[in-house]
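Read the structure below first, then the notes.
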Amino acid sequence: MKTFIIPSISILSLLSPAHAQDESKPWSEVSFKVMHDDSAAAVNLQGDTALEAVILKLIGKTMSVPEEEFEGIDNPDLSTAQLYFGEDYYGEFKEGEEPIPHYIIEVVYGEKSKFGMQPTVKFLFHSGSYQERTVAIQETETVWKLFTKLPGEEAEESGTQTRPPHRPAPVPSE
């Protein structure tokens, strides 16, 4: 019996790679739902080599980002997509005015900077429609340059943002 088991184990070990080289592929579409204030918000993003669609469905209303707003947003990592909820004041402030709810879809895209992080793009929705995009590009270890683009207009530098430095995940020792 032992002579039969040992050759079988040897054959199996030859068929199994010593170090598997599994490779993940980028997602070309991602959809998710988030519960907020007793209603669901649904997000759909599409694209692989370039962003092709960003759609937000909220309480029976569908809002999408116009195709021309995706210019320069190449190689999106759709697995990083997030939906944020908040509220702010938009337009001219009027005494006693309540803040307007807004929704932001954020996704990482492009190549890593020399400081280790990829750019991010945020799409802002409020008042029932898409409003603007903001791109953040890492300039130093902690400072990100912001570029805001309104629909149909050119992107303009809109300031900087400070973020904590990137700390790579520890590499396990063998």
Step by step, would you call N75 with E111 a side chain to side chain contact (heavy atoms under 4.5 Å, CB included)?
CA-CA 8 Å; N75 300 313; E111 300 297 321; 4.0 Å; yes

Would you say the side-chain atoms of [X] pair up with the backbone N or O of [Y], donor to acceptor, closer than 3.5 Å?
X    : Y    : value
Q138 : E141 : yes
Q82  : E106 : no
T80  : V108 : yes
R133 : E69  : yes
Y90  : F93  : no

Going by an N to O cut-off under 4.0 Å, is there a salt bridge joining K149 and E156?
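E156 and K149: not salt-bridged.
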
Do [X] and [Y] touch side chain to side chain, with heavy atoms closer than 4.5 Å?
X    : Y    : result
I55  : S64  : yes
I137 : S113 : no
P151 : Y130 : yes
I104 : F123 : no
V135 : Y109 : yes
L45  : I105 : yes
P101 : H126 : no

Does the side chain to side chain contact (heavy atoms under 4.5 Å, CB included) test come out yes or no for L56 and L83, once each step is laid out?
CA-CA 9 Å; L56 174 63; L83 174 63; 4.3 Å; yes

Before you tell me yes or no, could you show the steps for L124 and H102 under side chain to side chain contact (heavy atoms under 4.5 Å, CB included), namely the whole-Å CA-CA distance, both residues' side-chain angles and the distance that decides it to 0.1 Å?
CA-CA 7 Å; L124 172 68; H102 67 241; 3.8 Å; yes

Is there a path of hydrophobic side-chain contacts, each under 4.5 Å between heavy atoms, that joins V65 and W27?
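As far as the 4.5 Å side-chain criterion goes, W27 and V65 are connected within one cluster.
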
Any chance you could lay out the ring pair (Phe, Tyr, Trp, His ring centres under 6.0 Å) test for F85 and Y103, step after step, and finish with the verdict?
CA-CA 5 Å; F85 301 86; Y103 312 90; 5.6 Å; yes

Count the heavy atoms belonging to other residues, nucleotides or ligands that lie under 6.0 Å from CD of E29, then report whether that count exceeds 12.
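Counting neighbours around CD of E29, more than 12 heavy atoms of other residues, nucleotides or ligands fall under 6.0 Å, so yes.
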
Enclosure of E139 CD (heavy-atom neighbours >12, cutoff 6.0 Å)
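More than 12 within 6.0 Å, yes.
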
List the steps, then state whether side chain to side chain donor-acceptor pair (under 3.5 Å) holds for Q131 with S129.
CA-CA 6 Å; Q131 299 294 322; S129 64; 2.9 Å; yes

